[in-house]
Undergrad: 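Take a look at this one; I'll ask things after.
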Amino acid sequence: MDANRLKELGLLPLWRLKSGTALDRQPSAPSVESSSIESSLIQQIVPEAQEVILSAASDRDTTIAHADWEQLEQMVSVCTACQLCQTRRKTVFGVGDKQADWLFIGEGPGAREDTLGEPFVGQAGKLLDSMLQALKLGRNQNVYIANIVKCRPPNNRNPQDIEAQQCRPYLLRQIALIQPKLIVTLGKVAAQNLLGSGDSIASLRGKLHEFAGIPLIVTYHPAYLLRSLTDKAKAWEDLCFARETILMQQRKAQQ
Ligand code: URA
């Protein structure tokens, strides 16, 4: 666990973890002897600190896992679990129909989303809206849109693993509350993150995957499609496959 994470969890400095022990006493002038005592104390405290961290992390996960929509949105709006909070303007919680059959998951907010607090509102968002329209869906019509991370990674870089990990409980709770019939991941970051895979979009698309028991289909990111016209046709195939998957579920439910 790195120092930043310990700090976020309010566990630094380590020597304050326990009260009434030698760890409470800050060493005076460092000497060879005191620094060796200190290092042996640090060795003792590390496993203990790890336990505290793990239980703090699992407390956080549990709280998030029990949140209702309002609580969840409030938690996200004040979240400081990773460094993205330092550079964000607005958190981008997600938007849409909270009982949607379709859940679209992107990567993370860009500049416009960071300003407006809503996912996919830039050029890529316009393309996503037309893709939805082609399916007779809309961002408030049977669709919910979320991202792997709720804060903008600076300069539109990919979210780091630790950032995605810290944000994951929020997304998991959104998924649990929505209970979508289908998840469509937009782009490599979302697909790889949810599938725990390092494979390319090209090899992940066209197959029916699953996330937490929910069918999952991989397609290209709309921002990529703006640059690659040839893959637009493939994205359309993916969406038709997605629509067929939902229809099949409905037919099965009617039998
Ligand atoms: N790209 C994403 O992945 N998500 C957004 O919300 C906007 C752009």
Side-chain angles (χ1 to χ4, degrees), residues 72-73 76-77 79 82-85 87-98 100 102-133 135 137-141 143-168 170-175 178 180 182-202 204-205 209 211 216-229 231-232 234-235 238-239 242:
L72 193 64
E73 193 155 0
V76 168
S77 72
C79 183
C82 81
Q83 59 183 349
L84 296 183
C85 68
T87 45
R88 73 171 178 231
R89 292 171 80 174
K90 285 194 174 173
T91 54
V92 178
F93 181 71
V95 71
D97 177 352
K98 290 173 178 156
W102 296 71
L103 172 60
F104 286 81
I105 303 182
E107 175 181 320
R112 256 183 94 70
E113 290 77 18
D114 180 56
T115 307
L116 298 174
E118 187 171 328
F120 286 99
V121 284
Q123 282 306 311
K126 283 197 185 127
L127 178 57
L128 179 60
D129 284 337
S130 6
M131 287 154 70
L132 295 179
Q133 220 179 1
L135 291 165
L137 300 166
R139 56 175 67 208
N140 266 308
Q141 276 171 273
V143 166
Y144 195 90
I145 305 172
N147 279 310
I148 294 292
V149 292
K150 313 255 179 262
C151 298
R152 181 188 184 208
N155 305 316
N156 297 341
R157 65 159 169 76
N158 287 349
Q160 293 170 359
D161 286 348
I162 183 71
E163 296 159 356
Q165 256 169 43
Q166 291 295 328
C167 228
R168 195 175 176 92
Y170 298 131
L171 182 60
L172 292 181
R173 186 59 185 152
Q174 286 177 306
I175 295 173
I178 299 167
L182 180 72
I183 295 173
V184 179
T185 57
L186 302 167
K188 189 169 88 171
V189 169
Q192 292 187 339
N193 232 284
L194 292 188
L195 296 175
S197 160
D199 293 349
S200 66
I201 292 282
L204 292 171
R205 59 175 290 277
H209 304 272
F211 179 79
L216 182 150
I217 286 174
V218 168
T219 194
Y220 294 101
H221 194 284
Y224 166 77
L225 294 174
L226 288 173
R227 304 188 301 266
S228 166
L229 293 181
D231 284 331
K232 266 194 180 168
K234 292 188 191 156
D238 298 335
L239 294 181

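Counting starts at 1 for both ligands and their atoms, in listed order. Remember, predicted model here, so these are calculated numbers, not experimental data.
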Undergrad: Ligand 1: which residues have a non-hydrogen atom closer than 4.0 Å?
TA: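 Near ligand 1, by chain and number: Gly106, Glu107, Gly108, Glu113, Pro119, Phe120, Asn147, His221.
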Undergrad: Quick one: pull up CH2 in Trp102 and CD1 in Ile145 and give me the separation to the nearest 0.5 Å.
TA: 12.5 Å
Undergrad: Can you tell me how far CZ of Arg168 sits from CD1 of Ile148, rounded to the nearest 0.5 angstrom?
TA: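 Answer for the CD1-CZ pair, Ile148 versus Arg168, is 7.0 Å.
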Undergrad: By side-chain hydrogen bond (donor to acceptor under 3.5 Å, both in side chains), which residues pair with Gln160, not counting sequence neighbours?
TA: Gln83
Undergrad: For Gln174 and Lys150, test the side chains for any donor-to-acceptor distance below 3.5 angstrom and give the result as yes or no.
TA: yes
Undergrad: So, are Asp238 and Arg205 salt-bridged, with charged N and O less than 4.0 Å apart?
TA: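 Salt bridge between Asp238 and Arg205, a charged N being under 4.0 Å from a carboxylate O: yes.
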Undergrad: One pair to check against side-chain contact (heavy atoms from CB on, under 4.5 Å): Ile175 and Leu103. What are the steps and the verdict?
TA: CA-CA 8 Å; Ile175 295 173; Leu103 172 60; 3.6 Å; yes
